[in-house]
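Have a look at this one before I ask anything.
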Amino acid sequence: MSSRTDTRRIERSRSHSVERYQERKDSRRSRSRSSSHKTHRSKSLTSKQSSTSREKKRKKTKKKKRHSSSSSSSSSSSSDSNEEELNFLQKLEAERQRLKEEKRKQKEMLKAKETPEEKRERRLREKQEKERKRRERMGWDNEYQCYTNQDNPFGDSALTNTFVWAKKLAKEGVKNVSREELEALNRQKQLENKIELEKVKQRRLEREAERAAREAEAGAAARAREAAQFHSWARHEDAFHLHQATLRTQIRIRDGRAKPIDLLAWYVSSEECVDALEMHEPYTYLNGLQMQDLEDLLEDIKVYKELEKESNQSYWEDVQTIVLDELGKLRTVAAPSARRDGVHRAVADDVTQIFKGKTGAQLEALQTQIEQKISGRRDGVDIGYWESLLSQLKAHRARARLRERHRHNLRRKLQLLKREQGVAPAPRAPASPEPAQPDGGGAAPDGGGAAPDGGGTAPEAEGDEHEEEEEECVSLYRSGRYSPALLTDRDLEPATLLTEPLADLQRLHYLRAARTRGRAPAGRPEGSSAGPGAGGGAESLEAEARRAMGAPAPDTAPFALEHALPDQPCLWADKYRPRKPRYFNRVHTGFEWNKYNQTHYDMDNPPPKIVQGYKFNIFYPDLIDKNSTPEFSLKPCPENAEFAVLRFHAGPPYEDIAFKIVNREWEYSYKRGFRCHFHNNIFQLWFHFKRYRYRR
C-alpha cells in the first residue's frame, strides 16, 4: 500500500509542475498580446461593420452578373474552393505535426528532468498498462484487473507469476531442472498431446465412417428383408386370388352353371387327382361357343396365365391358341368380305383333313417343310396359300399337344389305380429289333423299305394302341369301378384263413410303427423334413440325448407337437438349402396332490395328470457358424393364453422350429433340473414348472 501511495504522490507532484510550466508560458504570451488586442478592438468593430456593408454590395453585384458569366464564375469558384480546402488541410497537418513535436519534446524534457525513482515508476506504469491490456485480451473482468501480487483477496504474493507445480516436478524428478529445459519439456508434451489429439480425432472419424457403413449395411439388409417380405406378400396374394378363382370354379360346377373357363381350370387342376377322370380332351369344351363367349374366355385365360406364373403356362397358351383360331373362323364366317384368306372355301375341308390325325412330331416336320417352301421363294409357289396353312398349323399343333397330354394323364392315372388295387401290369410284347424310322427318313439298317408318305406306321400303331388302352380303361371303370367283388363263404376254398378287420388294422399299425422306427427317431413325426446331415450323425446325436436323459420313466412320453410357423424369408437361401432340424423331446406328466385332490381322489382313483415339464433336444450337426449359440423364445398363444409357442432359432442352414407347450412359470434352478446349453451339436432345454405350496 505504501508503494502505491508514493507513486500517486509522485504523479500528482509531476502533474502540478507541468501545469505550473504551462501557466507561466501562457502568461508570457498573454502579456505580449494584451496591448495589441486593446488598441485594435475599436478598429475591429468599425472594420466589421464596413466589411458587412461591402459584402452586401458584392452579393448584389454578383446576382446581377450571374446570368451573364455563369460558366466562368462557377469554374473560378470551384478552383478557389479546392485551393481553400487544400490550404486548410495543409494547415491542419502542420498543426498536428507541431503538436506532436511539442508532445515529444515535452516528453523528452520530462525524461531528462526525472529522477531515477521517477523513471522506475514510469516504467512500472507502462508495464502495468501493458499487462492490463494483455488481461483484457485474455478476457479478464474489471473486477480482477486491479489485482496485483501485493493487493489481492487470495493472499497470493505470486498471483501474476507463472504457476509452477513444484511437487509434481519433484515427483517426476525434474525439480532442479532449469526453466528453459522445463519449457522445452512442456513444449514437447504439448506437441505429444497435439499428436495424440489428432490421433483421437482420426479414430473418431474412422468410428463415424464405420458406423455409417454399418448403418448403410443395416439399411441394405432391412431393404432386402422388406423386399423379401413384399415378394412373399405378392406371392401370397397371387396364391389367394388363384385359390379364390378355384373356389368360384368349384361352386359354379357344383351348382350346374359352369362356364368354359371353369371346365378348363378344373381339368388342369385335377390332373394330380386320381379319382377325377376326364375322358375327353380339354379343347372339346369349346364346341358350340359363340363369338362373345370366346372373347370372354380369352380374357379369363389371361387372368389364369397371370395367376399361374410358374405352372401350366404351356396348357393355357395352347388353349389360347385354339380359342384364337376358333374366334378367327367365326369372324370370317360373320364377315366373309372383311378378310381374304389364302385357302379357298372349296378346298378348306381337304386342308383340314391333311392336319387331322397327325401327331405333334409329324405336325412339327410339316411346319418345317412349309417354312422351307416359303423361305425358298421358288417360281410357281403360292406364298399366301402356304402362309395360311402355317397359321392354321399352330392351332392343330396346340390340339395335338393337348391330346398327347390327355392321353399321358389317362395312362398315368390307370397305372396308379392298378398299383393301388394290386393288379399286375399286362406283359408287354417284345420290341422288334428293327428301329422305327423317323418321318421322311431313309431305309432301315438292312437296306429294305422306304419311309411311308406323311409319316411312318409306328406312330399310327402307337395311336391305335393308345386308343385300345383308353377303351379298356373306360370298360374296366364302368364295369367294376376298380373295386374287388364281394365273396361269400360258399365261394371260398376249403382251409382258407380269414382275418378279422380289427386284427388286420392292428397288424397294419404295427408294420407302420416298425417302418417309422427304422426311418426316423422317436419323437419325430414321419414325413417331416430332415437335412442332409440326418443320417448316422443325427442317430448318434439321438443316442447321446437318450443317454443324457436316461431311461424313460413311466410318467414321460415322447413329445412332437410342432407349431406351424409363417413363411420365413431366409436371406441365405441362395447359398444353403433351408432345412428343419431333427429333435428328440419328452414331456413329463404327473399327479398334483393338493388339498382339493387329496380330498376328492385317492391312489385307486387318481386325479387327472398334468404337464410338469419338458425336455427338448434339438440337433444342429451342420450348423455353419459354430460360434453362434442357438436361441429360444417363448410367446403366449393369442387365441388361448393357457398355451405358449416355444420357438428355436439357430441360423443357416436350419429353419426355425416351434412347439406348442403349456404356458406356466418355469423353475430356473439347476437343482430342479433346469438345463439350457449347446454342446456336441445338441441344444438342450430342460425345465419343470413351478409348484406353488400354500401355507396358512
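Heavy atoms only: backbone and side chains are in, while hydrogens, waters and symmetry mates are out.
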Taking all non-hydrogen atoms of both residues into account, name the closest pair between N152 and D156 and its distance.
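The answer is ND2-O, 2.7 Å.
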Side chains of E101 and K105: closer than 4.5 Å at any heavy-atom pair?
yes
Which atom names give the shortest non-hydrogen contact between D656 and K580, and what distance separates them?
O-CE, 4.4 Å
Determine whether E126 and K130 satisfy the following criterion, salt bridge (charged side-chain N to carboxylate O under 4.0 Å, His left out), listing intermediate values before the conclusion.
CA-CA 6 Å; E126 292 176 355; K130 187 176 180 180; over 6 Å; no
Pairwise distance CD1(I657) to CG(L646) - rounded to 0.5 angstrom:
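The distance works out to 10.5 Å.
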For L634 and A644, work out which heavy atoms get closest and say how close.
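Taking every non-hydrogen atom into account, CD1-CB, 3.6 Å.
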Look at R207 together with E210 and state whether they make a salt bridge at an N to O cut-off of under 4.0 Å.
no
For a side-chain contact (heavy atoms from CB on, under 4.5 Å) check, start with the C-alpha distance between C637 and K660, then their side-chain angles and the critical distance, and finish with the verdict.
CA-CA 9 Å; C637 295; K660 188 175 182 180; 4.1 Å; yes
Whether K168 and E172 form a salt bridge (side-chain N of Lys/Arg under 4.0 Å from carboxylate O of Asp/Glu) is what I want to check.
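Here E172 pairs with K168 in a salt bridge, since their nearest N and O are under 4.0 Å apart.
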For P581 against E655, the heavy-atom pair lying closest together
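Looking at all heavy atoms of both residues, the shortest contact is CD-O, 3.6 Å.
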Within a 6.0 Å radius of atom CG on N176, are there more than 12 heavy atoms belonging to other residues, nucleotides or ligands?
no
Would E592 and R664 pass as an ion pair if we require N to O under 4.0 Å?
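R664 and E592: not salt-bridged.
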Going by the angle between their ring planes, with limits at 30° and 60°, are Y654 and Y620 parallel, tilted or perpendicular?
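Rings of Y654 and Y620: perpendicular, over 60°.
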Would you check if the distance from the ring center of F616 to the ring center of F648 is below 6.0 Å?
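Yes; F648 has its ring centre under 6.0 Å from that of F616.
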Any chance CD of E217 has more than 12 other-residue heavy atoms, nucleotides or ligands included, within less than 6.0 Å?
no
Starting at OG1 of T115, measure out to CZ of R120 and round the result to the nearest 0.5 Å.
8.0 Å
Taking the side chain as every heavy atom from C-beta outward, state whether Y614 and F659 have any pair of such atoms under 4.5 Å apart.
no
Starting at CD1 of I618, measure out to CZ of F632 and round the result to the nearest 0.5 Å.
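It is 12.0 Å, given to the nearest 0.5 Å.
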Tell me the closest heavy-atom pair linking L541 and N681, and the distance in Å.
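Taking L541 first and N681 second, the nearest heavy atoms are CD1-O, 4.1 Å.
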F683 vs C676, test: side-chain contact (heavy atoms from CB on, under 4.5 Å). Steps then yes/no.
CA-CA 7 Å; F683 181 60; C676 178; 4.1 Å; yes
Are R96 and E93 ion-paired here, with the side-chain N under 4.0 Å from a carboxylate O?
yes
Quick check: are there more than 12 heavy atoms from other residues, nucleotides or ligands sitting under 6.0 Å from CD of E196?
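Enclosed: over 12 neighbouring heavy atoms sit under 6.0 Å from CD of E196.
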Point-to-point distance, once rounded to the nearest 0.5 Å, from CZ of F88 to CG of L92:
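Nearest 0.5 Å value for the CZ-CG distance: 4.0 Å.
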If every non-hydrogen atom of G651 is compared with every non-hydrogen atom of L623, which pair is closest and at what distance?
O-CD1, 4.1 Å
Roughly how far apart are K103 NZ and L99 CG, rounded to 0.5 Å?
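Between atom NZ of K103 and atom CG of L99 there are 9.5 Å.
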Please step through side-chain contact (heavy atoms from CB on, under 4.5 Å) for the pair E102 and Q106, ending with a clear verdict.
CA-CA 6 Å; E102 287 182 359; Q106 184 181 0; over 6 Å; no
Under a 4.5 Å cut-off applied to non-hydrogen side-chain atoms, are K690 and R672 in contact?
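Not in contact.
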Do I610 and V662 have side-chain heavy atoms sitting under 4.5 Å apart?
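With C-beta onward as the side chain, the pair stays apart.
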Is the backbone of P558 close enough, under 3.5 Å, to the side chain of N585 for a donor and an acceptor to pair up by distance?
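No, N585 side chain to P558 backbone: no donor-acceptor pair under 3.5 Å.
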Side chains of N82 and L86: closer than 4.5 Å at any heavy-atom pair?
no
Could you check R179 against E183 for salt bridge (charged side-chain N to carboxylate O under 4.0 Å, His left out), going step by step and ending with a plain yes or no?
CA-CA 6 Å; R179 185 179 183 85; E183 291 179 354; 3.6 Å; yes
Would H231 and R235 satisfy side-chain contact (heavy atoms from CB on, under 4.5 Å), going step by step from the backbone distance to the final call?
CA-CA 6 Å; H231 179 69; R235 187 173 66 253; 3.3 Å; yes
Can a salt bridge be assigned to the pair E121 and R125 using a cut-off of 4.0 Å between side-chain N and carboxylate O?
no
Quick check: does any side chain N or O of N680 sit under 3.5 Å from a backbone N or O of I682, one acting as donor and the other as acceptor?
no
Tell me, do R647 and K635 make a side-chain contact under 4.5 Å, heavy atoms counted?
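No, too far: nothing below the 4.5 Å cut-off.
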Beyond-backbone contact of R123 with K127, side-chain heavy atoms, under 4.5 angstrom:
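Result no, sub-4.5 Å side-chain heavy-atom pair not found.
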Decide if atom NE2 of H679 counts as having more than 12 heavy atoms of other residues, nucleotides or ligands within a radius under 6.0 Å.
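Atom NE2 in H679 is not crowded, with 12 or fewer foreign heavy atoms closer than 6.0 Å.
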Side chains of F643 and H563, heavy atoms from C-beta outward: is any pair under 4.5 Å?
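Counting from C-beta outward, F643 and H563 never come under 4.5 Å.
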In terms of heavy-atom contacts, does NZ of K609 have more than 12 from other residues, nucleotides or ligands at under 6.0 Å?
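Count over threshold, so yes.
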If you round to the nearest 0.5 Å, how far is CZ of F689 from CD of Q612?
10.0 Å
Apply salt bridge (charged side-chain N to carboxylate O under 4.0 Å, His left out) to residues E108 and R104 and explain how you reach the verdict.
CA-CA 6 Å; E108 289 179 354; R104 185 181 64 79; 2.6 Å; yes
